[in-house]
Amino acid sequence: MIKFEHVSKTYPNGVKGLQDINLEIEDGEFVGIIGMSGAGKSTFIRTINRLNNITEGKLTVDGVEISNLKGKALRRFRRKVGMIFQSYNLVPRITVIRNVMSSLVPDMPLWRVILGLFSKNDKMRALEALDRVSMLDKAFVRTDQLSGGQQQRVSLARTLAQNPSVLLADEPVAALDPVTAHEVMDDFKRINDELGQTVLINIHHVDLALDYAKRIIGIRSGRVVYDGPVSGVTQEI
Ligand code: ADP
Ligand code: ADP
């Protein structure tokens, strides 16, 4: 469970990214974060895996106050709470499977990735994750040969291979056309249904959030202005 208690985040320049957030997210939820550009959606998501440090309040994940995590414990935590970005962050000139496997060995230098020094177990886990997002047939294709939607699915597989219990996604479909965006959202939905992972996604296309999420959190000026079911969402958020 993710629990925010009076959480605020003020950036060094004085901008208030988040203001007094109080909420809980249970295991297995599918949450869509909506709000206008600059509302604080990205700050909210990034705060949950400590890409941002909070400046006030308490944020706990499975009972652990994450502000206290350091070094190895923080790295382990970030594998448990996986993150997917709008820009896929893949290494372009190597194959899909190597991109996925490289996440299993976080400190592996790039030259080892290029030489393909992986264990059989890493390969199995990578192929399994690719299968989850219907990308098994592209495992041995170079990532720069793939379309945007396919790259985002590989990026999702790379995070999935780490077996996270929470998936955070910061505008994962913003760069994709509507049809491809739906395909990627379908993958998130299937993973949430089949594996029971908690999914939190920032989506500036409200319609897409309403189609997929079960719970909507609306943010404006760093504050939660809506938190509830899809059916209660109004224009103002
Ligand atoms: P959203 O994801 O909803 O577009 P963000 O969380 O990116 O919004 O931004 C919320 C507010 O915080 C905005 O006013 C933005 O300009 C500001 N902000 C975001 N990142 C930083 C930063 N690193 N330093 C200062 N201000 C920031
Ligand atoms: P998307 O809307 O996801 O970007 P595209 O319409 O660009 O999809 O791609 C459709 C198909 O074309 C995909 O199956 C993909 O394999 C192929 N494709 C796209 N870009 C390239 C590329 N640069 N090299 C090879 N195949 C590509």
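For ligands, and for the atoms within them, numbers begin at 1 and follow the listed sequence. Just so you know, residue 1 is the first one in the sequence shown, and it goes up from there. Side chains are part of it too, since the values below use all heavy atoms of this structure and drop only hydrogens, waters and symmetry mates.
Between Met185 and Asp211, every side-chain heavy-atom pair lies at or beyond the 4.5 Å cut-off. Contact of the His204 side chain with the Ile34 side chain is not registered, since no non-hydrogen atoms from C-beta on lie closer than 4.5 Å.
Protein heavy atom nearest atom 2 (O) of ligand 1, with residue, atom name and distance: Ser42 N, 2.8 Å. The closest protein non-hydrogen atom to atom 15 (C) of ligand 1 is Val15 CG1, 4.6 Å.
Note on Asp186 versus Lys189: no salt bridge recorded, every NZ/NE/NH1/NH2 to OD/OE distance being 4.0 Å or above. A salt bridge does not link Asp144 to Arg93: none of the charged side-chain nitrogens sits closer than 4.0 Å to a carboxylate oxygen.
Of all the listed residues (Gly14, Gly17, Gly40), Gly40 holds the heavy atom that lies closest to atom 8 (O) of ligand 1. The residue from Ser37, Gly38, Pro12 that puts a heavy atom closest to atom 11 (C) of ligand 1 is Gly38.
Which parts of ligand 1 touch Asn13 is read off a 4.0 Å heavy-atom cut-off, strictly below it: atoms 25 (C), 26 (N). Against a heavy-atom cut-off of under 4.0 Å, Lys41 is close to the following atoms of ligand 1: 1 (P), 2 (O), 3 (O), 4 (O), 6 (O), 8 (O). Heavy-atom contacts of Thr43 reach the following atoms of ligand 1: 5 (P), 6 (O), 9 (O), 10 (C) (cutoff under 4.0 Å). For ligand 1 and Met36, the ligand atoms under 4.0 Å from any heavy atom of the residue are 3 (O). In summary, the atoms of ligand 1 found under 4.0 Å from a heavy atom of Ala39, numbered by their order in the structure, are 1 (P), 3 (O), 8 (O).
Atom 6 (O) of ligand 1 is flagged as protein-proximal [any protein heavy atom, distance under 4.0 Å]. The presence of a protein heavy atom under 4.0 Å from atom 17 (C) of ligand 1 is confirmed.
Between Glu171 and ligand 1 there is no heavy-atom distance shorter than 4.0 Å.
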Could you walk me through whether Phe188 and Phe30 satisfy the ring-ring contact (aromatic ring centres under 6.0 Å, His included) test, starting with their C-alpha distance in whole Å, then the side-chain angles of each, then the deciding distance to 0.1 Å, before giving a yes or no?
CA-CA 9 Å; Phe188 279 104; Phe30 195 125; 7.2 Å; no
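Around CD of Gln162, the count of heavy atoms belonging to other residues, nucleotides or ligands within 6.0 Å exceeds 12.
Between atom CG of residue Leu136 and atom CG of residue Leu127 there is a gap of 6.0 Å, rounded to the nearest 0.5 Å.
Taking the ring centre of Tyr11 as origin, the terminal cationic atom of Lys9 falls inside the region bounded by 6.0 Å and 45° from the ring axis.
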